[in-house]
Amino acid sequence: MIDQQMSLRGGAARLPVRPRTGRFLVLAAVFVCAACGLVYELELVALASYLIGDSVTQASVVLSVMVFAMGIGSLLAKRLRCRAAVGFGMIEAALALIGGSSALVLYASFAWLGDSQYALVGFSLAIGVLIGAEIPLLMTLIQRVDRQDAGGAVADLFAADYVGALVGGLAFPFLLLPMLGQLTGALFTGAVNAAAGGALVLWVFRSDLSPRSRWLLVLANVSVIAVLATATVLVDDFERAARRAVYGDQVRVAVQTGVQEVVVTGTDRDSLGLYLDGRLRVSARDEYRYHEALVHPAMNGPRARVLILGGGDGLAAREVLRYEDVRAVTVVELDPAVTRLARTDPALSELNGHAFRDPRLTLVGADAFPWLRADHGRYDVVISDLPDPGITASTKLYSAEFYGLIGEALAPDGRLVVHAGPLGARPQTFWTVEASVRAGGLATRPYRVTGRYAGFAASPDRGGGEDREREYWGVLLAAAGRAPQAALAAGGPEPRSLRGRELREGARAAAEARLPGLLPSTLIHPRYWEDA
């Protein structure tokens, strides 16, 4: 009752600061809380895209659920307006704890339970409800410190809220992620959130609190900050344990670059595994099947100048450099950390045959799409060894526009080879890529190769391992204005395990599985996989 009576009286006489100062402090709290709220939102989107994949779907889920939940929170806050100070303090403490720990719990649910989708929706809902409850309570508090018309108060609150969101949105990719990482960045944001909300209520509005409410808020905020601080101290041990749960016990390198998370497992060449954003890109046991099948069919014909798009691990370059008549190889890789690792890691550099030491190879650190827009001459062979086409971030590299640029970069007798995803599991994705290549002005010849598919990491107890052997790599061989039949049947240099007969059989099987009438696309959506 004391809190209710204090809030209903209004006025600034009981406050420890002047009205203008109190108004400024409330708006400053709005600014900080808005910045923290947007960081939670971006953190959920970024981590869900990494753990679950398909950033478009994950961003849509997080944003739509949070906006819906904010409406619910605004309605629920009506019941707290008579006790706005203590209500806002408790909401900020809860938001700091839930938002700050969200990334940690999301990662844990993926590592040990194998599924983080439900946790994602739950956190989006909870955080949205708490954020939605902030503005109605802050509206009451700002009227408490400085009486003004409702329109002016709303304008001030939303201005501070939007500017705070801007700062939080920029701080997340440019400060928090590079300096602290995803997990520690979320925990730090939660601590800032708790400190800002608690300080505003316990100092500016302390006269509106009963002794019991005051001690309850102090205990809540101290407990939240203590929990977040403890989690920050233990976060490195947690990440190591989670990585062991996901990748096994042989994690040797784990680094978050500006582009992706890079993990290397295995202690020698035979057991080496390279994971990019949780997806197995290189398995030393059978990577030769993929890289030989990708490279050698396209090398039949003129091959003096070769362009490799992606392939920062150096394994496609290893196969290209087996040909003595290759004069120049250009590797365009977006993430310099991958090529640095391929050059310096003993096991990986041995696996790629120390390809980056070859004087014929030139390494370019760039995004392949804008790089192709510039005129770099003509290439006899272009090898597209890029991330899976189902990963939303890489879909522009599987678009008709992209293949049009490659067509312009090909010499008159040039060939293009494209890794187009696993044909056996995702035929619609594969044939969308094939249609896009044709829309870029190139004639295609599809084929597939059996082997272990480089999919998402899976711990042995959740399955994944040997079942992947039934997958197929889908590959497209293409040339300007003609069907590349002769190139497909040709062999490569010895030693190799590739057989022309096997490739021809794979091409026939691929042709039988073709989905007629498929249109080219600039965005291959992973939901097509379920329909295929």
Side-chain angles (χ1 to χ4, degrees), residues 3 25 28-44 47 73 80 83-112 116 119 122-131 133-134 137-138 141 164 168 171-172 175-177 179-206 208-243:
D3 294 332
L25 293 174
V30 173
F31 172 87
V32 173
C33 293
C36 294
L38 195 64
V39 169
Y40 301 144
E41 182 178 318
L42 296 174
E43 188 71 49
L44 288 177
L47 195 57
L80 298 175
R83 305 184 64 181
V86 67
F88 178 75
M90 294 304 295
I91 283 173
E92 291 308 304
L95 181 59
L97 179 62
I98 294 173
S101 63
S102 59
L104 207 67
V105 177
L106 205 63
Y107 196 18
S109 66
F110 170 78
W112 284 284
S116 53
F123 276 110
S124 300
L125 188 63
I127 293 173
V129 167
L130 295 172
I131 291 176
E134 289 177 332
L137 298 180
L138 286 165
L141 293 178
F172 177 71
L175 291 178
L176 292 177
L177 273 185
M179 296 177 62
L180 300 177
Q182 287 183 317
L183 303 185
T184 305
L187 294 168
F188 173 78
T189 302
V192 171
N193 196 167
L200 177 70
V201 174
L202 292 171
W203 178 35
V204 179
F205 297 99
R206 63 177 180 266
D208 287 7
L209 305 174
S210 67
R212 180 180 177 181
S213 298
R214 190 178 303 121
W215 283 110
L216 179 62
L217 283 175
V218 170
L219 180 62
N221 281 277
V222 170
S223 300
V224 168
I225 293 176
V227 168
L228 296 175
T230 302
T232 302
V233 173
L234 300 175
V235 73
D236 289 339
D237 294 333
F238 169 83
E239 285 190 286
R240 282 192 289 269
R243 285 196 181 101

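As the structure is a prediction and not an experimental result, all values here were calculated from the model.
- Closest non-hydrogen pair, A85 versus D208, comes out as CB-CB, 4.2 Å.
- Note: T184 OG1 to L228 CG = 11.5 Å, rounded to the nearest 0.5 Å.
- The shortest side-chain heavy-atom distance between L44 and Y40 does not fall under the 4.5 Å cut-off.
- Distance CD1/I91 to CG/L137: 5.0 Å, rounded to 0.5 Å.
- Residue E92 holds its CD atom at 8.0 Å from CG of L130, rounded to the nearest 0.5 Å.
- Between G99 and I127 the shortest heavy-atom distance is CA-CD1, 3.9 Å.
- In terms of heavy-atom proximity, A96 sits nearest to G190 at CB-O, 3.1 Å.
- Using the six-membered ring where Trp is involved, F238 and W112 have ring planes that are tilted, between 30° and 60° apart.
- A donor-acceptor distance shorter than 3.5 angstrom exists from the side chain of S210 to the backbone of S213, with no hydrogens or angles considered.
- Residues G168 and V39 come closest through the heavy atom pair O-CG2, 3.6 Å.
- Between I225 atom CD1 and L97 atom CG the span is 11.0 Å, to the nearest 0.5 Å.
- Of the possible donor and acceptor atoms, none in the side chain of R206 sits under 3.5 Å from a partner among the backbone N and O of R214.
- Considering all non-hydrogen atoms of both residues, L104 and A231 come closest at CD2-CB, 4.2 Å.
- Annotation for A93 and N221: closest pair CB-OD1, 4.2 Å, computed over non-hydrogen atoms.
- At least one side-chain heavy atom of L200 sits under 4.5 Å from a side-chain heavy atom of F205.
- Going from atom CG of L42 over to atom CD of Q182 covers 11.0 Å, rounded to the nearest 0.5 Å.
- At least one side-chain heavy atom of L176 sits under 4.5 Å from a side-chain heavy atom of F188.
- Using a 4.5 Å heavy-atom threshold, the side chains of L209 and L202 count as touching.
- To the nearest 0.5 Å, the span separating SG on C33 from CZ on F88 amounts to 4.0 Å.
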Practice item. Go through the steps for L95 and E134 under the test side chain to side chain contact (heavy atoms under 4.5 Å, CB included), then give the verdict. Key: CA-CA 10 Å; L95 181 59; E134 289 177 332; 3.3 Å; yes
